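To keep things clear, I will list the structure first and then write my remarks on it.
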Amino acid sequence: MSESKDFLRTIAEEDLTSGKYNAVVTRFPPEPNGFPHIGHAKSICINFGIARDYRGHCNLRMDDTNPTTEDMRYVEALKDAVEWLGFDWGENVYFASDYFPKLYQYAVKLIQMGKAYVDSLNEEEIRQYRGSVTQAGRRSVYAQRSVQENLDLFERMKKGEFKDGEHVLRAKIDMGAANMKMRDPLLYRIRHAHHFRTGDEWCIYPMYDFAHCLSDYIEGVTHSICTLEFENNRDIYDWVLDALELTPPRPYQHEFARLGMNYTVMSKRKLLELVNGGYVHGWDDPRLPTIAGYKRRGYTAESIINFCDQIGIAKANSMVDVAQLEFCIRDDLNTKVPRVMCVLDPLKLTIENYEGMEEIDASYYPHDVPKNGSRKLPFSKEIYIERDDFMENPPSGYFRLTPDQPVRLKHAYIVTCKEVVKDANGNIVEIKATYDPASKSGSDTSGIKVKSAIHWVSAPHAKAVEVRLYERLYSVDAPEGVEDLNPNSLHVIPRAFVEPAVVCEKPNERFQFERQGYFYADPIDYTDEKPVFNKIVGLKDSWTKKSEPAAPVSKPEAKKVHVEGEAIPMSAEEQARFERYTNALGLNAEIANTLARDEGLSAFYEDALSAHANPVGIANIVANDVARELKQAGKLAFGAKEVAKLVALVDEGVISSKISKEVFEHMCQTGENPELIVHAKGLVQISDPALIAPIIEGIIAQNPENVAKYKAGNTKLFGFFVGQALKATGGKANPSVVNALVEKALEHA
Ligand code: ATP
Ligand code: MG
């Protein structure tokens, strides 16, 4: 058990001592409408943790009362997450849908007691009648229906005699209650929808406020622990259980603060958007805060549990720094995993005075780690070092290899640079060096002073591997939407080199790559032919380091410098393009630079430009979205003409620029023409009165009663007609056009 007791454990303990309950029963009640995330991990640790600490039980219950969004696949992901975190739900996974018959009986009982009624106001009216924080609501006339009439209507609702939204079942509580949730809350609604477990058996579904408390009661739950946003629902929770006069004991609800973390989003709905929009590669993408993502990235269950422990349980919402989670995984792996060498950006170094090869006995762990083990590390004449571990004209404070400064090869010898070999463009392609045979690590008698040790691999013995480097998914700490995504969250290095000891007998092995970070053999994509490693986390918090003033250099620095694309001078051709783009076409320097330096992209750009004359609009999408897609997918499913068309659709006002992002993602996936996508997916805003008017006429014709009531002075019904029209167009109709048309149509009706 955690050393300090949190308020939930204090309550549980008091309830046991006072004899209120014989045993603690909690539950983790997710809705199976997405993969669980780190916030759910917190809830899992709390609910299962408390049950374990007091030798009680925690149920895993799917809160599957919303038929349209749920899926068995999500149930499996939830089970997997709980299991992976090391908790046990016992014999059965429970489903709220299994209680539908019982819940129906409880509803009937409430009606019989005169505590619930069938209301026939529509959604809009219900909202209006509810009042506001400063104004009491008023009760629907239908609340006066007799018990008999209510029972009859409720039964017919169940039988499917009514359309969605025609009636609802409401609790009869208090339309003037200060807590607005208590103003006759909805208990059941009609939904003619297929449920993934109950199929078409039901067309009425219980609302959360009715189903949740009763599911808890049915399962014998004692402590119903949920997040703070349900604080106001607690009154309904209590009301339902008390109103039904159930046999005690009954459960009580307790709230805690939900976990929020910076640089990510944490709601299944938003995560679903990222997955469906193709912004990430599935629910288990290592950049996502899902349990499946962390698992695939190489996080350990221990580190996540430790994190949940550290952040504690509080009553006030707060934002946790993702660096804290990163600390936990680093802390866990630091003493656990072997340290080996991997070169991400190789530069050949030839040791001219070395012949043959030798195997160095190199320890996997440093002295301060209480673990043993070593491997044979091959050393030979040709090795790879990290490109940025050599500098020809180093700034002061650079402690690695330079023409004047020797360096130690970790576990091996000291080398001295003799010659820098360059290609025709002036890029360094090789270092020629010598080594000192007396400088071997552990038995150094050379007397040479070096300032640092760098990692390396023997070129003929090295194995090529793919390395996937991850950065934060979003580039801002409180992201709002996909526009805040970090375009560099994934960087794939197709050919990095590891020493031969890095072989994975089982697919899920972790290593520290010296000076680079912790890495995990990708559990899905790793094969012996093509090993793939995911970066779990760096060795230190490189994120905060970026914003802090550079620390005085005292140790060898592991920070990576991206050499690619760094101020290499432009060719004459590139320069000419750059000037044309900035001067004649008005592109900003950054976009112009990206396009000018890339022959393929600039050809694509000009091709698109010839089809639609919007140089800036097209440049933006080509330099950003097209370039990104090309980098990630390796090829494009569409051509320049399609991109031009997409920009034209925005320019012509057919779609918003926000929608164009959605269309673009779809183009990437299907290669379809944007116009087709826009029409097939119905993304065009409908503003044409000729299209909307007949819909409104239809609604008016179908609702003569409401028209009569409206004519008799019930002006509130105006909203009803507008609402129906918007609904009929799937929300695509332009609301102001609808308003004007409804007004006109009602006048003439
Ligand atoms: P989401 O918005 O991600 O869908 P939710 O609260 O709707 O979250 P549920 O599946 O209904 O998700 O939640 C299952 C349990 O997990 C609930 O008890 C809920 O309070 C808890 N939970 C969800 N998100 C968090 C979070 N960020 N921190 C702590 N607990 C959470
Ligand atoms: Mg939810």
Side-chain angles (χ1 to χ4, degrees), residues 6 8 25-51 58-66 68-71 73-82 85 87 89 93-97 206-209 211-213 215-216 219 221 223-234 237 251-276 283 288-294 304-305 307-322 324-325 478-479:
D6 53 78
L8 290 174
V25 181
T26 56
R27 85 285 170 269
F28 171 58
E31 187 186 349
N33 60 351
F35 274 52
H37 49 65
I38 185 88
H40 293 105
K42 176 174 178 179
S43 180
I44 291 169
C45 288
I46 291 173
N47 281 295
F48 282 93
I50 289 176
C58 179
N59 290 343
L60 172 58
R61 182 207 312 148
M62 300 300 151
D63 185 14
D64 57 346
T65 54
N66 181 359
T68 53
T69 54
E70 297 159 358
D71 197 294
R73 185 171 163 233
Y74 301 136
V75 174
E76 291 308 318
L78 284 154
K79 284 162 69 178
D80 192 61
V82 173
L85 288 170
F87 295 108
W89 57 77
V93 172
Y94 295 94
F95 291 84
S97 57
M207 304 298 287
Y208 169 88
D209 284 319
H212 201 82
C213 53
S215 301
D216 283 345
E219 289 176 11
V221 166
H223 297 81
S224 180
I225 300 166
C226 64
T227 39
L228 276 178
E229 44 318 346
F230 292 96
E231 205 166 4
N232 288 336
N233 300 64
R234 194 199 319 135
Y237 190 102
Y252 283 86
Q253 176 182 310
H254 307 277
E255 309 90 25
F256 70 97
R258 72 190 288 120
L259 169 66
M261 204 161 70
N262 56 10
Y263 296 102
T264 194
V265 290
M266 220 189 282
S267 111
K268 282 174 280 170
R269 188 181 52 76
K270 288 186 180 165
L271 295 171
L272 184 68
E273 238 171 72
L274 295 178
V275 173
N276 286 348
W283 282 105
L288 288 181
T290 54
I291 310 283
Y294 288 118
I304 288 182
I305 290 169
F307 169 73
C308 292
D309 236 34
Q310 275 188 18
I311 56 177
I313 308 175
K315 267 261 180 206
N317 280 323
S318 66
M319 189 64 96
V320 174
D321 192 338
V322 61
Q324 194 172 345
L325 175 62

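Quick caveat, the model's predicted, so the values are computed rather than measured. In each ligand, atom 1 is the first atom listed, and ligand 1 is the first ligand listed.
- Applying the salt bridge (Lys or Arg N to Asp or Glu O under 4.0 Å) test to pairs two or more places apart or on separate chains, those with a residue in residues 251-261 are Glu229-Arg258, Arg234-Glu255, Glu255-Lys315.
- Taking the six-membered ring where the residue is Trp, Phe28 and Phe48 present tilted rings, their angle falling between 30° and 60°.
- For ligand 1, the atoms closer than 4.0 angstrom to any heavy atom of Ser43 are 15 (C), 16 (O), 18 (O), 21 (C), 30 (N).
- Atoms of ligand 1 found under 4.0 Å from any heavy atom of Phe28 (numbered from 1 in listed order, with element): 14 (C), 15 (C), 16 (O).
- Taking the charged nitrogens against the carboxylate oxygens, Glu76 and Arg73 have no contact shorter than 4.0 Å, which rules out a salt bridge.
- Using a 30° and 60° split on the angle between ring planes, His212 and Tyr208 fall in the parallel class, below 30°.
- Polar contact with ligand 1: absent for Ser267 (N/O pair, distance under 3.5 Å).
- Ligand 1 has a nitrogen or oxygen under 3.5 angstrom from a nitrogen or oxygen of Arg258.
- Between Trp283 and Phe35, the two ring planes are parallel [angle under 30°; tilted spans 30° to 60°].
- At a heavy-atom cutoff of 4.0 Å, ligand 1 is contacted by no atom of Phe230, backbone or side chain.
- Interface of Phe256 with ligand 1, defined as ligand atoms under 4.0 Å from a residue heavy atom, comprises 29 (C), 30 (N).
- Here Pro29 has heavy atoms under 4.0 Å from ligand 1 in both its backbone and its side chain.
- Contact check for Thr69 versus Glu31: side-chain heavy atoms found under the 4.5 Å cut-off.
- Residues Arg61 and Val221 meet the side-chain proximity criterion, which asks for heavy atoms closer than 4.5 Å.
- Note: an N/O pair closer than 3.5 Å links His40 and ligand 1 by distance alone.
- Residue Arg269 has no N or O atom closer than 3.5 Å to an N or O atom of ligand 1.
- In His37, the part holding a heavy atom less than 4.0 Å from any atom of ligand 1 is the side chain.
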